[in-house]
Amino acid sequence: MENIVIQKDEVLRSGNEEKIWQKFCGFLDLSVDEFMQIQNELLKKQIEHVAGSSLGKQIMQGRQPAGVDDFRSSVPLTTYKDYAESLKDKNESGLAEKPALWGHTSGRGGCFKWAPFMLRTLELHTDMCVAGLILACTEQHGEVNLNGDERVLCIVAPPPYLTGITNTLLVKRFNFSPMPPPHIADNLDFHKRIATGFNLALRNGTDIIWAVGTVLNKLGEKFTESSSGLKLDPGMLHPAVFFRLLKALIRSKMEGRKILPSDIWKLKGLTCGGTDASVYAERLEYYFGRPLHQVYGCTESGLAALQSWKKKGLVFHPYLNFLEFIPEKELLKCKDDAGYQPKTVLINEVQVGEIYELVITNFHGMPFMRYRPGDLFRVVESDDGIKLPQFDFHARADGLIDLYNIIRLDERTVWEAINATGIKYEDWTAMKDYEDSWPILQIYIEPRGEVNTDTLNEAIHRHLLETCPLYVEAITENEKNPVRVTLLKPGTFARYMQEQQSKGADLAHLKPLHMNASRDSVEHLLECSRQLD
């Protein structure tokens, strides 16, 4: 990271609000036609750029598509397994150009998915992060409340996760002051990073908090319940901290309540990523005194979408990825026919109220083409005058259960954990749910014989700790077992299947999915269990 020479941006420090807004947030003023023109031009350049690389030839099946339509009709949809062998061991030989660095995210079974990052991508990704900070700190179109030297409390995963890499990029490209600073943060585990950053923010103050929603929610809860926040090292209890806490205590006493983080800091902005962010929006605004601004991105796409100044729907920008969307009805066809290649629509064709799976093709020499990150979005109504479609994150599309934005559990991993307990069972289904606004792995299982629920919870949890390193990392901050087993009465799945069959369901839809069954399916399953009393 220290060896990366990334171009310094001077626009933010110019103080010219019009220029700053146009550079970082100008995409919010695009028409759909203008958006599509940018997309099409960048995709043509990308095809030319990667066509000669061995990975490009592999994905494009040895030919160079003549244009956008040809690309969409001739290049198959891909997942990480199509790239895994080429990118294994951070192999650069198949890429169109030498990457500036490598990052990773979690994949199936707790394994890492490595991704190369080109220098231009890093610059644009960081620009979009600044756009997110600008929009988090304003409630008006065109208003800029940043100057580039803000103190940012960063509660995110460490490098080589992209969120951790971004801390260093913000310092290099701009002059933000992340807490903890990258040279300290990069040598700390996740729990110590949070504690160190929080202590620094108590001493120095903070202007912006950038975090993963689940972790920030827990921090707010712990701080408010204890009225003292995280445990402080004796060396941190100097006059600045004491004065800040005393002022917060006086304010809370006057209002007859516990101390809130908003009593400690008067924030410019609060921004969160992660699939859980919307779940915590109201609670985080209560804790921290600012409306929550949400962003969406992943390692393979960079920061791809962010909310406007209204803090409502997500708006995709056109500069890092060519965007396609698989309609929900096409996804249903895939469930019936594993070999079916679903059709996609473009952003000028999506419809309000409909659900789509995102498909991305990287620009600027990045490797992923017609790639499915596995995320579903719903198109929503907007009232902020933006002409582009706006989206809410809906769910995972690929059968993975995301916990704390660190680990994604697949069906095999959960199945093996259940089997490792040694219990006899008829069948099971699992989903992500929430307990006191905290993510849990909810498993519904029909046992054969007597089973102790607490013992089963602990046994599944213990197996995941022993077999999944990323699960251990995810649990470190949570400090409790997220597994919750609900036992179903004998005959539940049989009754469910009988009722589905009586409704005319085909064989593929007689049972709930093992992973991420719909809430309607789960409620039906629970009702079948209740009927067996």
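Note that these values count all heavy atoms, side chains included, but never hydrogens, waters or copies made by symmetry.
Using cut-offs of 30° and 60° on the angle between ring planes, the pair Phe368 and Tyr371 is tilted. Using the six-membered ring where Trp is involved, His524 and Tyr496 have ring planes that are tilted, between 30° and 60° apart. Taking the six-membered ring for Trp and thresholds of 30 and 60 degrees, Phe391 and Phe325 have nearly parallel ring planes, at less than 30 degrees apart.
Remark: the His364 side chain and the Glu97 side chain contain no N/O donor-acceptor pair separated by less than 3.5 Å. Side-chain N/O atoms of His514 and Asp427 include a donor and acceptor closer than 3.5 Å. Side-chain contact of Gln58 with Ser86: a donor-acceptor pair under 3.5 Å is present, judged by distance alone. A donor atom on one side chain and an acceptor atom on the other are found under 3.5 Å apart for His141 and Asp29. In the model, Arg72 has a side-chain atom that pairs as donor or acceptor with a side-chain atom of Thr344 under 3.5 Å. In summary, the side chains of Asn91 and Ser93 do present a donor paired with an acceptor at a separation below 3.5 Å, with no hydrogens or angles considered. Between the side chains of Gln390 and Asp384, at least one donor-acceptor pair of N or O atoms lies under 3.5 Å. A donor-acceptor contact closer than 3.5 angstrom is absent between the side chains of Tyr356 and Asp375. Thr78 and Tyr83 form a side-chain donor-acceptor contact under 3.5 Å, judged by distance and modelled atom types alone.
For the pair Leu216 and Ala211, the tightest heavy-atom approach, listed with the atom from each and the gap, is CB-CB, 3.8 Å. Across all their heavy atoms, Gly94 and Ser53 have their closest contact at O-CB, 3.4 Å. Leu314 and Phe393 get closest at one heavy-atom pair: CD1-N, 4.3 Å. Taking each heavy atom of Ser278 and Gln294 in turn, the nearest pair found is N-OE1, 3.5 Å.
At least one side-chain heavy atom of Val522 sits less than 4.5 Å from a side-chain heavy atom of Met431. Residues Val295 and Cys272 are not in side-chain contact: their nearest non-hydrogen atoms beyond the backbone lie 4.5 Å or more apart. Counting heavy atoms from C-beta outward, Leu135 and Thr271 have side chains that stay 4.5 Å or more apart. Inter-residue side-chain proximity for Pro367 and Leu95 is flagged as met; some heavy-atom pair is nearer than 4.5 Å. Contact check for Gln64 versus Ile47: side-chain heavy atoms found under the 4.5 Å cut-off. Between Tyr434 and Ile440 the shortest side-chain heavy-atom distance does not fall below 4.5 Å. For the pair Ile401/Leu441, a side-chain contact is recorded, criterion being any heavy-atom separation below 4.5 Å from C-beta on. Here the side chains of Leu306 and Val315 are not in contact, with every heavy-atom distance at 4.5 Å or above.
Here the straight-line distance linking atom OH of Tyr444 with atom OG1 of Thr492 works out to 12.5 Å at 0.5 Å rounding. Atoms CG and CG, from Leu465 and Asn481 in turn, are 8.0 Å apart once rounded to the nearest 0.5 Å. Summarising the geometry, atom CG belonging to Leu400 is positioned 8.0 Å from atom CG belonging to Asn516; distances are rounded to the nearest 0.5 Å. To the nearest 0.5 Å, the span separating CZ on Arg283 from CG on Asp436 amounts to 7.5 Å. Between atom NE2 of residue His293 and atom CD1 of residue Ile134 there is a gap of 10.0 Å, rounded to the nearest 0.5 Å. If you take CZ on Arg484 and CD1 on Ile460, they are separated by 11.5 Å, rounding to the nearest 0.5 Å.
With salt bridges taken as basic N to acidic carboxylate O contacts below 4.0 Å, one links Arg120 and Glu123. Glu300 and Lys113 are joined by a salt bridge, as a carboxylate oxygen and a charged side-chain nitrogen come within less than 4.0 angstrom of each other. For Arg378 and Glu354, the salt-bridge test fails: no basic side-chain N is under 4.0 Å from an acidic carboxylate O. A salt bridge does not link Asp392 to Lys312: none of the charged side-chain nitrogens sits closer than 4.0 Å to a carboxylate oxygen. Salt bridge Lys489/Glu446: absent, no basic N to carboxylate O contact under 4.0 Å. Ion pairing between a basic and an acidic side chain is recognised when a charged N comes within 4.0 Å of a carboxylate O; Glu330 and Lys333 show such pairing.
Aromatic rings from His461 and Tyr471 are positioned such that their centres are separated by under 6.0 Å. Ring-centre distance between Phe316 and Phe377: below the 6.0 Å cut-off.
The number of heavy atoms from other shown groups lying within 6.0 Å of NZ (Lys23) is above 12. The number of heavy-atom neighbours closer than 6.0 Å to CD of Glu527, taken from other residues, nucleotides and ligands shown, is above 12.
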Legend entry - Derivation and outcome, side chain to side chain contact (heavy atoms under 4.5 Å, CB included), residues Phe322 and Asn362: CA-CA 6 Å; Phe322 185 79; Asn362 297 153; over 6 Å; no
Legend entry - salt bridge (Lys or Arg N to Asp or Glu O under 4.0 Å) assessment of Lys45 paired with Glu48: CA-CA 5 Å; Lys45 291 180 181 178; Glu48 293 175 0; over 6 Å; no
Legend entry - Met36/Ile347 under side chain to side chain contact (heavy atoms under 4.5 Å, CB included): CA gap, chis, key distance, verdict: CA-CA 8 Å; Met36 288 307 307; Ile347 203 165; 3.6 Å; yes
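The salt bridge (Lys or Arg N to Asp or Glu O under 4.0 Å) search around Lys310 returns none, not counting sequence neighbours.
When Thr429, Thr486, Asp433 are each tested for a side chain to side chain donor-acceptor pair (under 3.5 Å) with Gln442, only one passes: Thr486. Each of Leu124, Asn167, Thr166 was checked for a side-chain contact (heavy atoms from CB on, under 4.5 Å) with Cys129, and the lone residue meeting it is Thr166.
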